[in-house]
Amino acid sequence: MSTREDTLQEHVEFWLEELAEERPASREWFEGLSEADIAFALECMPFEQRLTVWQAVPPALRGAVLVELHDEHRRSLLKAAPPDALLQWLGRTDPEDLLELMDDLPGQLGRKVLRRLDQEEREQLQAALGYDDNQLGRWLSFNVITAEAETPGRLFRKALRETGLPEMTDVIVLVDEDGRYKGCLSLDAAMQTPTQAPLSRFIDPDILPLNPALSLHDGAQKVHSADRAMLPVVDENGTVLGRFTARDALDVIVEEQEKQMMQLSGGGLEEEDLFSPLRRAVPKRSVWLGINLVTALLAAWVIGLFEAALSQWVALAVMMPVVASMGGIAGSQTLGLAIRGLATGQLGAANVTSLMRKEMLVGVVNAIVWAIVIGLVASWWFGSAALMWVIAFAILVNLLAAAAAGVAIPWVLSRMKIDPALAGSVVLTTVTDVVGFFAFLGTASLVLKFVGA
């Protein structure tokens with residue numbers, strides 16, 4: 001745990017102790033804490049205490065804190081708040097932050113919030129709300145510097161000194177007299193243009209705008225590849241909708257990676273509130289327990305096919321988990337690598353075969369090494385040379401299957417528009433269990449039939 005999280009946990013402990021002593025929550029509790037800090041601390045608390053502390057958060061901060069909360073935590077607080085109080089908090093919230101909250105607001109309340117904005121902000125928000133939740137146009141920043149293309153350098157610099165420069169700005173967006181997009185130039189070039197020269201003479205053709213219909217993932221990758229602090233977002237009509245910054249791109253990439261890691265470890269629980277009510281927690285867990293039950297029954301069915309071999313050779317039952325475990329671990333390593341490649345855009349149709357070949361070679365080397373080690377251990381443990389060869393062969397087969405499946409499963413699932421981080425581990429476990437048990441017990445059955453143990 002980081003120093004920041006340690007400090008916030010101390011705040012949470014203090015708050016809970018104060019509430020346990022029936023002392024009222026105080027605004028002083030939040031001094032020195034950012035909106036993100038307050039959100040983190042609230043998520044660490046059981047719901048009843050969270051609600052009590054939330055009511056003490058200064059109204060001016062509540063909209064920004066709501067934006068920082070994860071979806072389920074945010075919805076629980078919005079649901080518990082009176083509509084009039086919500087309208088008051090949201091009236092002080094930045095329009096860009098309102099975008100994150102609109103989907104969670106009742107329809108009537110959302111319309112009231114829009115009516116309170118000035119015309120420009122309302123038009124910006126309505127345009128952004130026209131895009132899907134996973135599209136760039138929904139999450140752009142409106143704070144972008146534009147200038148008429150024919151503006152002389154001297155006048156542009158004078159205007160910039162008066163208005164100031166937003167952070168994360170290294171690109172100036174040029175428009176025509178009607179406000180339509182004309183091109184971009186770097187901030188450095190704009191600051192060095194001759195006094196009377198129009199900015200349009202220094203347009204940089206390498207700075208390309210983003211289409212608002214792009215996915216967040218693709219938009220983040222384009223900003224990262226451009227090596228710019230920001231890129232403008234422009235629709236098909238040439239309207240400059242806003243910008244997408246490198247900070248936004250980093251947030252998207254980090255969030256994707258965290259989501260995938262959580263899904264790999266828990267199957268879709270990345271947004272679950274630690275203290276969510278049973279009625280919400282139980283269904284989420286039950287779905288994945290049911291899916292895992294089906295895969296476990298399939299593996300049990302394979303084992304049942306070789307009941308005779310297990311009854312004759314008891315050592316098989318002892319060593320079965322070793323075969324499945326080795327395949328599962330090897331497959332998980334490859335699966336994680338492939339999912340990371342898909343998430344970062346490094347894995348595609350052009351190189352998936354190369355990755356498969358490389359992982360198979362890694363699997364061959366590991367399989368040979370560990371097949372020998374486990375075979376020797378089995379031979380020493382049970383005093384059976386036959387068992388040594390049986391388990392060595394099964395380990396070899398299962399590690400090769402795990403390597404192939406670790407690349408193929410996420411690739412196929414992504415082509416089928418199924419999140420590989422969500423379903424990949426379940427499918428991989430099925431493959432390594434079934435292949436491992438079949439190779440181990442099937443080979444053992446042949447040995448018993450033709451050689452004897």
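Residue numbers run from 1 in the order of the sequence given.
Ala56 and Phe30 make their closest contact through O-CE1, 3.3 Å (heavy atoms, listed as atom of the first residue, atom of the second, distance). The two residues Val144 and Val173 come nearest to each other via the heavy atoms CG2-CG2, 3.8 Å. Taking each heavy atom of Val171 and Pro232 in turn, the nearest pair found is CG1-CD, 4.5 Å. Annotation for Leu428 and Ala405: closest pair CD1-CB, 3.9 Å, computed over non-hydrogen atoms. Thr432 and Thr429 get closest at one heavy-atom pair: OG1-O, 3.2 Å. The shortest heavy-atom contact between Leu396 and Ala367 is CD1-CB, 3.3 Å.
Side-chain atoms of Glu359 never come within 3.5 Å of backbone atoms of Met356 as a donor-acceptor pair (strictly under, hydrogens ignored). Counting only distance, with no hydrogens or angles, the side chain of Arg157 and the backbone of Ala190 share a donor-acceptor pair below 3.5 Å. Judged by distance alone, with hydrogens and angles left aside, the side-chain atoms of Gln135 form a donor-acceptor pair with the main-chain N or O of Ala213 at under 3.5 Å. Looking at Trp139, its side chain never comes within 3.5 Å of a backbone N or O of Asp248 through a donor-acceptor pair. Between the side chain of Thr169 and the backbone N or O of Leu165, no donor-acceptor pair lies under 3.5 Å. Checking side-chain atoms of Arg138 against main-chain N and O of Tyr131 turns up a donor-acceptor pair under 3.5 Å. The backbone N or O of Arg75 sits nowhere less than 3.5 Å from a side-chain atom of Asp104 that would complete a donor-acceptor pair. The main-chain N or O of Arg122 is never found under 3.5 Å from a side-chain atom of Arg115 such that the two would form a donor-acceptor pair. A distance-only check finds a donor-acceptor pair linking the side chain of Arg74 to the backbone of Leu66 [under 3.5 Å]. Between the Asp132 side chain and the Asn134 main chain, no donor and acceptor come within less than 3.5 Å of each other.
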Problem - side chain to side chain contact (heavy atoms under 4.5 Å, CB included) assessment of Val364 paired with Leu400 - result: CA-CA 6 Å; Val364 167; Leu400 289 175; 3.4 Å; yes
Problem - Evaluation steps, side chain to side chain contact (heavy atoms under 4.5 Å, CB included), between Met191 and Leu160 - result: CA-CA 10 Å; Met191 299 304 290; Leu160 194 62; 3.8 Å; yes
Handout entry: Chi angles and distances behind the side chain to side chain contact (heavy atoms under 4.5 Å, CB included) call for Ile207, Leu185
Key = CA-CA 7 Å; Ile207 305 177; Leu185 73 160; 5.8 Å; no
Handout entry: Working for side chain to side chain donor-acceptor pair (under 3.5 Å), residues Thr245 and Arg228
Key = CA-CA 8 Å; Thr245 69; Arg228 291 282 175 184; over 6 Å; no
Problem - side chain to side chain donor-acceptor pair (under 3.5 Å) evaluation trace for Glu123 with Gln119 - result: CA-CA 6 Å; Glu123 290 175 353; Gln119 182 177 350; 3.0 Å; yes
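Residues Val67 and Leu101 form a side-chain contact, since some pair of their non-hydrogen atoms from C-beta on lies under 4.5 Å apart. When side chains are defined from C-beta on, His73 counts as touching Arg50, because their heavy atoms get closer than 4.5 Å. Between Phe142 and Leu125, the closest side-chain pair of non-hydrogen atoms falls below 4.5 Å. Considering only heavy atoms from C-beta on, Val223 comes within 4.5 Å of Leu210 through its side chain. Here the side chains of Asp170 and Met230 are in contact, with some heavy-atom distance below 4.5 Å. Side-chain atoms of Pro58 and Leu61, non-hydrogen and from C-beta on, do get closer than 4.5 Å to each other. In this structure the side chain of Leu335 reaches within 4.5 angstrom of the side chain of Pro410, judged on heavy atoms. Taking the side chain as every heavy atom from C-beta outward, Val113 and Leu98 approach each other to under 4.5 Å.
The distance between the ring centers of Phe306 and Phe438 falls below 6.0 angstrom. The aromatic ring centroids of Phe47 and Trp54 lie 6.0 Å or more from each other.
For Asn366, the side-chain contact (heavy atoms from CB on, under 4.5 Å) criterion is met by Val362, Trp370, Leu399, not counting sequence neighbours.
Between the CG atom in Leu42 and the NE2 atom in His11 there is a gap of 12.5 Å [rounded to 0.5 Å]. With rounding to the nearest 0.5 Å, the separation of CE in Met360 from OG1 in Thr334 is 10.0 Å.
Annotation: cation-pi pair Arg27/Trp29 absent, no NZ/CZ under 6.0 Å from the ring centroid and within 45° of its normal.
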Please table the atom pairs, donor to acceptor, closer than 3.5 Å between any side-chain atom in residues 315-325 and protein atoms at least two apart or in another chain.
none

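In Asp227, the CG atom is not crowded: 12 or fewer heavy atoms of neighbouring residues, nucleotides or ligands sit closer than 6.0 Å.
Counted by atom type alone, Asn351 and Ser354 present zero donor-acceptor pairs between their side chains at under 3.5 Å.
Salt-bridge formation is not detected for the pair Glu17/Arg23: no Lys NZ or Arg NE/NH1/NH2 atom is positioned less than 4.0 Å from an Asp or Glu carboxylate oxygen.
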